[in-house]
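Structure first, commentary second.
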Amino acid sequence: MSNDYLQIIIDRLANNLNRDVFVQENLNVVRQTLDADRVVLYYFYRQWHGQVTSESLRSRDLSIAGFTGVDECFNSEYAALYEAGRVRAIADIESEKIDECHRNFLRKVKVRANLVVPILTLSGLWGLLIAHQCIEPRSWSLSDIKFMEEKAQYIAISPIIRND
């Protein structure tokens, strides 16, 4: 194995670690600022297929790390909305007009209220920044929404996030 090849591997690992630390720090700030039960990054590893790659939790039993979600609930129609900048605030999944598939998915991951903001890079929809209230409904304030939008944009434009 050549030194150049080894250096490439080391650089890639260091970049991945730096990115993960950067994302985790931002998720922690969002959760603490919003006083949410859980904040996650849902990263798209290929078109409209993704998983929860990072999370900040009020309690360890709320972890959904690695969760891929239900593909039939998130299709190209929803992706197009988020690519266009859609922000979705649901105060109570039990009373909100949403697809039953989506409601069942949210119940499965212990969500009662959520706030979803797209992370849009130069390449398009990179991921979703999502805040969850797990036990009770929550009305998301305009300042909550603006804060999440600012954080999602901050993550998206960071040089540590690949924009290719």
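Here the closest non-hydrogen pair linking I155 and W126 is CG2-CZ3, 4.4 Å. Across S63 and A65, no two heavy atoms sit closer than the pair OG-N, 3.4 Å. Closest of all the heavy-atom pairs between R103 and I98 is NH2-O, 3.3 Å. Nearest heavy-atom pair, E55 versus L27, reported as atom, atom and distance to 0.1 Å: N-CD1, 3.6 Å.
Rounding to the nearest 0.5 angstrom, the gap separating the CZ atom in R19 from the OH atom in Y43 is 7.0 Å. In this structure, the separation between CG on L129 and OH on Y42 is 14.5 Å, given to the nearest 0.5 Å. Rounded to the nearest 0.5 angstrom, S54 OG and D20 CG are separated by 5.5 Å. For the atom pair L128 CG and L120 CG, the distance stands at 9.0 Å (nearest 0.5 Å). Note that OH of Y82 is 9.0 Å distant from CZ of F44, once rounded to the nearest 0.5 Å. With values rounded to the nearest 0.5 angstrom, I9 atom CD1 is found 7.5 Å from L13 atom CG.
Residue L57 shares its hydrophobic cluster (ILVMFWY side chains chained together at separations under 4.5 Å) with L62.
With sequence neighbours left out, D35 forms a salt bridge (Lys or Arg N to Asp or Glu O under 4.0 Å) with R58. In this structure K110 satisfies the salt bridge (Lys or Arg N to Asp or Glu O under 4.0 Å) test with no other residue, sequence neighbours excluded. Listed by chain and residue number, D144 satisfy the salt bridge (Lys or Arg N to Asp or Glu O under 4.0 Å) test with R138 (two or more places apart in sequence, or in another chain). Looking at residues two or more places apart in sequence or on another chain, you find no salt bridge (Lys or Arg N to Asp or Glu O under 4.0 Å) involving E25.
Around CD of Q153, the count of heavy atoms belonging to other residues, nucleotides or ligands within 6.0 Å does not exceed 12. Other residues, nucleotides and ligands contribute over 12 non-hydrogen atoms within 6.0 Å of the CG atom of L81.
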Evaluate L41 against I119 for side-chain contact (heavy atoms from CB on, under 4.5 Å), listing each step before the verdict. CA-CA 9 Å; L41 172 71; I119 299 173; 3.3 Å; yes
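For the side chain to side chain contact (heavy atoms under 4.5 Å, CB included) with R38, the qualifying choice from V109, N114, I130, V52 is V109, the only one to do so.
Between H102 and F105, the ring planes are parallel. Angles under 30° get that label, and only those over 60° would be called perpendicular.
L142 and L34 are assigned to two separate hydrophobic clusters, defined by single-linkage of ILVMFWY side chains at heavy-atom distances under 4.5 Å.
Not less than 6.0 angstrom separates the ring centroid of F147 from the ring centroid of Y154.
A donor atom on one side chain and an acceptor atom on the other are found under 3.5 Å apart for N28 and Q24.
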Quick one: side chains of residues 83-95, donor-acceptor pairs under 3.5 Å with protein atoms, not counting sequence neighbours, listed by atom name and distance.
residue: R88; atom: NH1; partner: E96; partner atom: OE2; Å: 3.2
residue: D92; atom: OD1; partner: E94; partner atom: N; Å: 3.0
residue: D92; atom: OD1; partner: R112; partner atom: NE; Å: 2.6
residue: D92; atom: OD1; partner: R112; partner atom: NH2; Å: 3.3
residue: D92; atom: OD2; partner: R112; partner atom: NH2; Å: 3.1
residue: E94; atom: OE1; partner: R107; partner atom: NH2; Å: 2.7
residue: E94; atom: OE2; partner: R107; partner atom: NE; Å: 3.0

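Within the 4.5 Å cutoff, side-chain heavy atoms of F67 are placed close to those of K108.
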